[in-house]
Amino acid sequence: MALFLCSASFVIALQNSVLLEERFEKSPSSVYQLEGDATIYDFTADGDTAGKCVRLDAVNDSNRDGAHAGEVKLTVHGIQGAQWLRFSFYGLPGKDFRVREEGDLSMRVKFYAKGAVLDGVVKDIYGSVQRDRQDIEVNGDGFHFGSVAWPLYAFDFHIPFPEVDTLELSIRFQNGEGKAPYGSFFVQDVKLEKIALPSGQQVKKNREVAIDKKDILPIWGKWFYLRDKVKPNDATPTHFDSSNLDRLVYRTGEILETPFA
């Protein structure tokens, strides 16, 4: 995919609850990047009050790479310690915006420590977008987007590693199957903020566990999988979800931890 550096206004205030707020208003800026079929669109040019936003175009192959896919990425430095955060944005799905299947429109977070990727989390949002689009279609005035409600999409996540110092946030689509003229998804006012511990969650003061190194199977890098003692000959899984995340082991030096237990 082609890579474009774009401009925006932002707020970095680690001492407060808001770590980043991006409204895509001013230039220049290195906070975000656009890839693939993602561009800046200004609704004020149409006499609308919605202002500037990112347009994820599921109709046109604007960068001519043969794929209907695009992404906006935002980088946040200065992250300190494990904590709960909320990644959110206001989105507007055109009535003819389509992707092939669930998972083709998502919010993503990557965890970095000293430039190296440690892990990431993903939230699929296409199902929510489809429901919101039905509500939006009964509103508006001649499809002037400032006349309709922009739904809020939020992703609450926990940073599992205290060494994480940088986050990469992204809103991504692939396998676009939209139709003109309303086949785009618009992204506005991206925010990252600290939140209180969600209800029902517990903080583990010490994730270090007593694990025999003979019981862990290598996955890649510092990641290992704790062997099932009932089925010790089973191969390492290729897919991880709530049924086996507690068996993922992360190694820092000689310390073995189970961050998702």
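- Taking OG from S170 and CG from L74, the interatomic distance works out to 8.5 Å, rounded to the nearest 0.5 Å.
- The environment of K110 atom NZ is sparse: at most 12 non-hydrogen atoms of other residues, nucleotides or ligands sit within 6.0 angstrom.
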What do the steps show when you test E21 against D189 for side-chain contact (heavy atoms from CB on, under 4.5 Å), and what is the final call? CA-CA 7 Å; E21 188 167 8; D189 197 7; 3.2 Å; yes
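- K52 has no carboxylate O lying under 4.0 Å from a charged side-chain N of E25, or vice versa, which leaves the two without a salt bridge.
- Put simply, F186 and Y90 are part of the same group of oily side chains (I, L, V, M, F, W, Y) that touch within less than 4.5 Å, one to the next.
- Note that CZ of R98 and CD of Q130 are 7.5 Å apart. Values are rounded to the nearest 0.5 Å.
- Pairing each heavy atom of T44 with each of G51, the nearest pair is CG2-CA, 3.8 Å.
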_CA sep, side-chain torsions, deciding dist, call: R86, E193, salt bridge (charged side-chain N to carboxylate O under 4.0 Å, His left out)_ = CA-CA 5 Å; R86 174 170 294 154; E193 56 191 324; 5.1 Å; no
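- The only member of L192, V187, V54 that meets side-chain contact (heavy atoms from CB on, under 4.5 Å) when paired with F89 is V187.
- A single hydrophobic cluster is not seen to contain both F43 and V59; linkage of ILVMFWY side chains at heavy-atom distances under 4.5 Å, directly or through other members, places them apart.
- Of the candidates I159, V109, I195, L85 forms a side-chain contact (heavy atoms from CB on, under 4.5 Å) with just one, namely I159.
- Note that the CZ atom of R227 and the CG atom of D215 stand 6.5 Å from one another [nearest 0.5 Å].
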Show your working on side-chain contact (heavy atoms from CB on, under 4.5 Å) between T236 and F224 and close with a plain yes or no. CA-CA 9 Å; T236 303; F224 298 84; over 6 Å; no
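- H158 and A82 get closest at one heavy-atom pair: NE2-CB, 4.1 Å.
- Listed by first and then second residue, the side-chain hydrogen bond (donor to acceptor under 3.5 Å, both in side chains) pairs involving residues 112-121 amount to none (not counting sequence neighbours).
- How far CG of N63 is from CG of D37: 5.0 Å, rounded to the nearest 0.5 Å.
- Remark: side-chain polar atoms of N60 are not paired, donor with acceptor, to backbone N or O of S62 under 3.5 angstrom.
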- Query: Going through the distances and angles, do F111 and I79 end up as a side-chain contact (heavy atoms from CB on, under 4.5 Å)?
  - Reply: CA-CA 10 Å; F111 307 130; I79 300 299; over 6 Å; no
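- Judged by distance alone, with hydrogens and angles left aside, the side-chain atoms of N244 form a donor-acceptor pair with the main-chain N or O of H239 at under 3.5 Å.
- Under a hydrophobic-cluster definition in which Ile, Leu, Val, Met, Phe, Trp and Tyr are linked whenever side-chain heavy atoms come within less than 4.5 Å, directly or via other members, F161 and L19 are assigned to the same cluster.
- The minimum heavy-atom distance between A180 and D96, with the atom names listed, is O-OD2, 4.4 Å.
- Under the 4.5 Å side-chain heavy-atom criterion for grouping Ile, Leu, Val, Met, Phe, Trp and Tyr, V121 is connected to M107 within one hydrophobic cluster.
- Cluster annotation: V164 and L245 are assigned to the same hydrophobic cluster (Ile/Leu/Val/Met/Phe/Trp/Tyr, side-chain heavy-atom contacts under 4.5 Å, transitive).
- The minimum heavy-atom distance linking V122 with S106 is given by the pair CG1-CB, 3.9 Å.
- Here Y225 pairs with F240 under the ring pair (Phe, Tyr, Trp, His ring centres under 6.0 Å) rule; sequence neighbours left out.
- When all heavy atoms are compared, the tightest approach of F24 to C53 is CD1-CA, 4.2 Å.
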Test side-chain contact (heavy atoms from CB on, under 4.5 Å) on V72 and E22 and set out the steps.
CA-CA 11 Å; V72 53; E22 180 60 75; over 6 Å; no
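- Using a 4.5 Å heavy-atom threshold, the side chains of F155 and L169 count as separate.
- Atom CZ of residue F97 and atom CZ of residue F173 lie 6.0 Å apart, to the nearest 0.5 angstrom.
- Atom CD of E71 is separated from atom CD1 of I171 by 9.0 Å, given to the nearest 0.5 angstrom.
- Panel note: side chain D61, backbone D65; a donor-acceptor pair is recorded below 3.5 Å.
- Taking all atoms of both residues into account, the shortest heavy-atom contact from Y126 to V99 is OH-N, 3.4 Å.
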